[in-house]
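Please read the structure below before turning to the comments.
Computation of the quantities below employed the complete heavy-atom set of this structure, encompassing side-chain atoms and omitting hydrogens, waters and symmetry-equivalent molecules. A note on names: the letters A, B, ... follow the listed sequences, proteins ahead of strands, and every chain is numbered from 1.
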2 protein chains.
Amino acid sequence: MTVLILTNDEDVTADMVVVRLNASGVPVVRLDPADLVGGVALSGEYAHGAFRGHLCSAGRLVSMDGLRSVWVRRPGTPAARVAEPSAWLTEESSQALYGMLRGSGARWMNHPDAARRARHKPWQLRLAQRCGLPVPATLITMFPQAARDFARRFPDLVVKPVSGAHPQEPPRAVPTSRVPPDADFAAVAFGPTLLQRRIAKRADIRLTAVGEGLLAARKAAASDADPDEVDVRFTADPSPWRGTEVPPRVAEGVRAYLREAELAYGAFDFAEDADGTWWFLECNQSGQFGFVEADTGQPIARTIAEWLARPAAAERRRVDGTTASVP
Amino acid sequence: MTVLILTNDEDVTADMVVVRLNASGVPVVRLDPADLVGGVALSGEYAHGAFRGHLCSAGRLVSMDGLRSVWVRRPGTPAARVAEPSAWLTEESSQALYGMLRGSGARWMNHPDAARRARHKPWQLRLAQRCGLPVPATLITMFPQAARDFARRFPDLVVKPVSGAHPQEPPRAVPTSRVPPDADFAAVAFGPTLLQRRIAKRADIRLTAVGEGLLAARKAAASDADPDEVDVRFTADPSPWRGTEVPPRVAEGVRAYLREAELAYGAFDFAEDADGTWWFLECNQSGQFGFVEADTGQPIARTIAEWLARPAAAERRRVDGTTASVP
């Protein structure tokens, strides 16, 4: 049973996981959907009530039935590297590849449906609340008056995009910024705006969840930190990430979140306040982990490799002798 | 409790359902996401572990908590009608609208995740097989040799797109065509190709499923029909659709399909052969129904209105006194 990794050639973080899988002797096929209709090809036949499909990459043939897991890391746009790319060929290739893989019994990190849903920030905030994770008071609005009322109740605010990243190619992260006290909010009428109570943080927390495994890292805020620098991705602070314990109530909330979101992998960002409370900021279902592993030595790549290497549900069923249910 | 309909202004099929809902006194808000940041606005606040959100359209304010159902009919691209549309504003508006609605307790026809998954033709074929619906032998391939082998075993073939519709604006349906006996299949290497055994049909079947309700219509093939005209959407045959009974085994398979696909609405296309077998061709989760209702008089619009008007899960829970689970 093979592990399938969908990512681009430059993805060095995936390399870290491939090394682990190779060392444990688990077969791995790594390919980029951008190479479809060229270096990568596929075929699948539906006949007599059954399906038999194959993927071919770099001369290796793998049966769709023989996949134990699929890791959707940083795949390129299907058929993007043909001589004359087109929206039509991309759509056909995407449907053929993902349409067939969706019918396989493989476990996903993460399933495309779960991944897509998990990108919705408003949905994230609601789910975090329901899972008992503390969420800073947040307003998403197009009404200037609602923004003004909110700013009166919560005078110290940050503003950030609703969607996370600007959809240019490559996507660009938009920094979280502090709202000046004299903001008038009239521009809110021209586009939905996300305002959030600023957490006076003493540390940033990055919690990487892989299946049931939770690995948290903490980066202390400098004591002389500029309170206007709210976005850890854009600050120059050289203090490293350090491994830290996950408080039991946070662990419980995060596991509930992953279960409801049907995610096998999630990178959670929290802000730790002076009382030690971890405030949920977001969960990135495809968040990077290389920088945390480099700083902390936490075995994130190994944990991912172990998760991917576990037998597929179909394999376990054969071993157990139980029968397969409808997909 | 309100029914929310997301569709464009020109959608006359939605009008048929709105008339029914109005007649039964159920509050309806109909809006086009394309009008966001203008005629349509929204606001949502997350505070103290709870969420309160509102939509505003044509001067009417509706609480997200007060939605019993959401009908995703033919919605426009969010914020497409502003003076200066941009991918960024569309993404922000889409996330804000659908991100909030996803957190509401409303029932969906159809949920965006289920709708997206249901568009994958290869996944449809596999699911139909698993649900016991007869599927004509089908090959999706990029290997000319696999295509030639398949054509030897099944000499009478049609070819159709993997994805269904060309992604131009507006999308254009690509007709299913008969494969000539001397086809050499070399071009298969340049893009995934879907080949399917041609069913010598004596009728086309359109089965419209609304919740548990199944309404089937049958259009007999003309006795002198050209066997090269395989796509009912592109033939000039003037014979009308007539209501017909759903065979019990088909009903069972269709209901299993809808359950597994998590669809509340689906338009199934079958080809009926000389033995009376209904061969599954596809299920369009947003298929039109106006032309069937016009020909047959089947109460499809009324059935949709009744489904949408049912109390929301949250309302039923309040009535039952049971507690709400995590979303």
Side-chain angles (χ1 to χ4, degrees), chain A residues 36-37 41-51 56 79 82 87-89 91-100 102-103 113 116-117 119-127 129-131 135 137-143 146 150 161-163 166-168 189-192 256 260 326-327, chain B residues 36-37 41-51 56 79 82 87-89 91-96 98-100 102-103 113 116-117 119-127 129-131 135 137-143 146 150 161-164 166-168 189-192 256 260 326-327:
Chain A
L36 266 169
V37 201
L42 54 78
S43 194
E45 183 178 315
Y46 306 75
H48 313 298
F51 171 71
C56 183
V82 296
W88 169 245
L89 184 58
E91 183 64 15
E92 290 281 293
S93 302
S94 176
Q95 291 257 351
L97 175 64
Y98 291 104
M100 285 189 198
R102 281 163 176 271
D113 295 330
R116 188 179 163 78
R117 178 176 53 192
R119 290 191 197 101
H120 289 81
K121 193 81 70 71
W123 177 86
Q124 288 189 17
L125 295 174
R126 187 74 192 107
L127 180 56
Q129 283 184 332
R130 284 176 166 165
C131 294
V135 174
T138 305
L139 179 74
I140 300 172
T141 197
M142 296 179 184
F143 296 103
F150 191 72
V162 179
S163 55
H166 198 285
Q168 62 187 23
F190 300 109
E260 293 301 325
V326 172
Chain B
L36 265 169
V37 199
L42 55 77
S43 193
E45 183 179 315
Y46 306 75
H48 314 299
F51 171 71
C56 183
V82 295
W88 168 246
L89 184 59
E91 182 65 14
E92 291 280 291
S93 302
S94 176
Q95 290 257 350
Y98 291 103
M100 285 188 197
R102 280 161 176 271
D113 294 331
R116 188 178 163 78
R117 178 176 54 192
R119 289 190 198 103
H120 289 82
K121 193 81 67 76
W123 175 86
Q124 288 189 19
L125 296 173
R126 187 74 192 105
L127 180 57
Q129 284 185 331
R130 286 177 164 163
C131 295
V135 174
T138 305
L139 179 74
I140 300 171
T141 196
M142 297 179 185
F143 296 103
F150 191 72
V162 180
S163 54
H166 199 286
Q168 63 187 20
F190 300 109
E260 293 300 327
V326 172

Under the criterion side-chain contact (heavy atoms from CB on, under 4.5 Å), I'd like the reasoning laid out for B/Cys131 against B/Leu127: C-alpha separation, chi angles, the key distance, then a yes or no. CA-CA 6 Å; B/Cys131 295; B/Leu127 180 57; 3.8 Å; yes
Any chance you could lay out the side-chain contact (heavy atoms from CB on, under 4.5 Å) test for B/Tyr46 and A/Ile140, step after step, and finish with the verdict? CA-CA 9 Å; B/Tyr46 306 75; A/Ile140 300 172; 4.0 Å; yes
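Of all the listed residues (A/Leu89, A/Leu97, A/Leu125, A/Val135), the one sharing the greatest number of non-hydrogen pairs under 4.5 Å with chain B is A/Leu125. Ranking A/Ala47, A/Ala146, A/Ser94, A/Gly49 against chain B, the residue ahead of the rest is A/Gly49, based on heavy-atom pairs under 4.5 Å. Comparing A/Gly44, A/Ala137, A/Ala96 by how many heavy-atom pairs each has under 4.5 Å with chain B, the most go to A/Gly44.
The contact between B/Leu42 and chain A is made by backbone and side chain atoms together, counting heavy-atom distances below 4.5 Å. The part of B/Arg116 that comes within reach of chain A is its side chain, from C-beta onward, which places non-hydrogen atoms under 4.5 angstrom from that chain. At a 4.5 Å heavy-atom cutoff, B/Ala79 makes no contact with chain A through either its backbone or its side chain. Contacts of B/Ala41 with chain A are made by both backbone and side-chain atoms, with heavy-atom separations under 4.5 Å.
Taken to the nearest 0.5 Å, the CH2 atom of A/Trp123 stands 5.0 Å off from the CZ atom of A/Arg117. Residue B/Met142 holds its CE atom at 11.0 Å from SG of A/Cys56, rounded to the nearest 0.5 Å.
A side-chain donor-acceptor contact under 3.5 Å links A/Gln129 to the backbone of B/Ala50.
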